[in-house]
Amino acid sequence: MTSIDITHAVPPWDGNVAKARQLQSELAARVHLEDDYPPLRHVAGVDVGFEEGGAVTRAAAVLLDSQTLAPIAEVVARQPTRMPYIPGLLSFRELPALLQALSELPQTPDLVFVDGQGVAHPRGLGIAAHLGVVTGLPTIGVAKSILVGTHEEVGPHRGDRQPLEYKGEVIGCVLRSKDGIRPLIVSPGHRVSMATAPELVLAFGRKYRLPEPTRLADRLASRRGTLRR
DNA sequence: GCGACAG
DNA sequence: ATCTTGTCGC
C-alpha cells in the first residue's frame, strides 16, 4: 500500500496527556463526515493485540474481496509497546503498529474497519478517526463497548439501532448486528457518514457479531486463528 | 471531589 | 488487551 510517514502520524509518547489531547482536537477538525469513498472493491479490517505480557504490540491487517468477503491478504506487524493504555488516548498506543501493518498490505483498501471508536470519542477522535485523518482513507469504527455517550434500549433483532448521544450530539449508533446478541458501537471515522456507517457494518457481516473484516483482523491480532493451542 | 473509562 | 475450563444457550 502507499507508504505512510509513520514518524509524524503519531508523535513519540512523552507522558504529556494534555498535549496529546490538544493534538486530538486539532486532528478532529480534519475529520470528514460525508460519504466520500470509492467503489468498494477491497476492504480491510485492522486490530491490535499484545504479546510478552504487553511488552510487544501486535497489529493485524486483513484485506478482503468486498464481493465474497474472502481474505485476500493478511499482515502482522510487531513493535515494542510505547505507552500504557489510557482511556481516550488509545490511538497513541496502537496506531503506530496499525499503520505499519496497513502499509504492508499488497493493495490499498477502499475502506477500513477499525476495532474501536470513530468519532464517538470525547474530542471526536477515536482510533478509527485518527487512522482515517492520517492516512486519508475512509474508515469506520466498530467497538464492542461504549467509551462515552448514552442511548435508549436497542431492539432485539439484527438491524435494530439507537443513536449514541454525547453532550447533545449524535456521535454514533448502538447497532444490533445479530439477533439477541450484545450490540456494537458504530461510528464513522473518516469520509463516511453517520447514516452510512451502520449500513456498511450490516452489509459486511451476517452470521457473527463482528463484521467480517473486523472479525478476521481480531482473530489474527489475538493469534487465535484456527491454529494454536 | 467522586466515578467512568475503546483496547 | 490479557490471564483461562468447562459450561449454558441459541
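So you know, we letter chains A, B, ... as the sequences are listed, proteins then strands, and number each from 1. Excluded from the calculations below are hydrogen atoms, water molecules and symmetry mates; all remaining heavy atoms, backbone and side chain alike, are included.
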Notebook entry, point to check: Taking CZ from A/Phe50 and C1' from C/dC3, how many angstroms apart are they, rounded to a whole number?
Noted result: 15 Å

Check: Who are the side chain to side chain contact (heavy atoms under 4.5 Å, CB included) partners of A/Ala143, not counting sequence neighbours?
Finding: A/Gln117, A/Ile185

Checklist line | Nucleotide-level pairing of DNA chain C, given in dot-bracket where Watson-Crick and G-U pairs need both distances under 3.5 Å and | marks other strands | finding: ..........

Item checked: 5' to 3' contact window, DNA chain B with chain A (heavy-atom distance under 4.0 Å) -> B/dC5 to B/dG7

Item checked: Close approaches to DNA chain B from residues 112-131 of chain A, in residue order (heavy atom, under 4.0 Å) -> A/Asp115, A/Gln117, A/His121, A/Gly126, A/Ile127

Checklist line | Pairs satisfying salt bridge (charged side-chain N to carboxylate O under 4.0 Å, His left out), at least one member in residues 147-165 of chain A, at least two apart | finding: A/Arg161-A/Glu199

Note to self: Under 4.5 Å side-chain heavy-atom separation, chaining through any Ile, Leu, Val, Met, Phe, Trp or Tyr, what else clusters with A/Phe113? Say none if it is isolated.
What the structure shows: A/Tyr37, A/Leu40, A/Val43, A/Val62, A/Leu64, A/Leu69, A/Val76, A/Leu111, A/Ile140, A/Val142, A/Leu175, A/Leu184, A/Val186, A/Val192, A/Leu200, A/Val201, A/Leu202, A/Phe204, A/Leu210, A/Leu216, A/Leu220

Next item on the list: To the nearest Å, give me how far apart CG (A/Asp47) and C1' (C/dT2) are.
Entry: 13 Å

Next item on the list: Measure the CD-CZ distance between A/Glu26 and A/Arg123 for me, rounded to the nearest 0.5 Å.
Entry: 12.0 Å

Checklist line | Inter- and intrachain pairs under side chain to side chain donor-acceptor pair (under 3.5 Å), touching residues 45-56 of chain A, at least two apart | finding: A/Glu51-A/Arg58, A/Glu51-A/Arg78, A/Glu51-A/Arg223

Listing time: all N or O pairs from protein to nucleotides 8-10 of chain C that are below 3.5 Å?
none

Margin query: For Watson-Crick and G-U wobble pairs within 3.5 Å on both distances, what is DNA chain B written in dot-bracket notation, | included for inter-strand pairing?
Written below: .......

Check: What distance separates A/Gln107 CD from A/Leu63 CG, expressed to the nearest 0.5 Å?
Finding: 6.5 Å

Margin query: Quick check on contacts: within residues 141-178 of chain A, what sits under 4.0 Å from DNA chain B by heavy-atom distance?
Written below: A/Ala143, A/Lys144, A/Ser145, A/Ile146, A/Leu147

Notebook entry, point to check: If you look only at pairs with a residue in residues 33-43 of chain A, which of them pass as a salt bridge (charged side-chain N to carboxylate O under 4.0 Å, His left out), with sequence neighbours excluded?
Noted result: A/Asp36-A/Arg191

Item checked: Sequence-distant partners of A/Phe92, ring pair (Phe, Tyr, Trp, His ring centres under 6.0 Å), two or more places apart -> A/His130

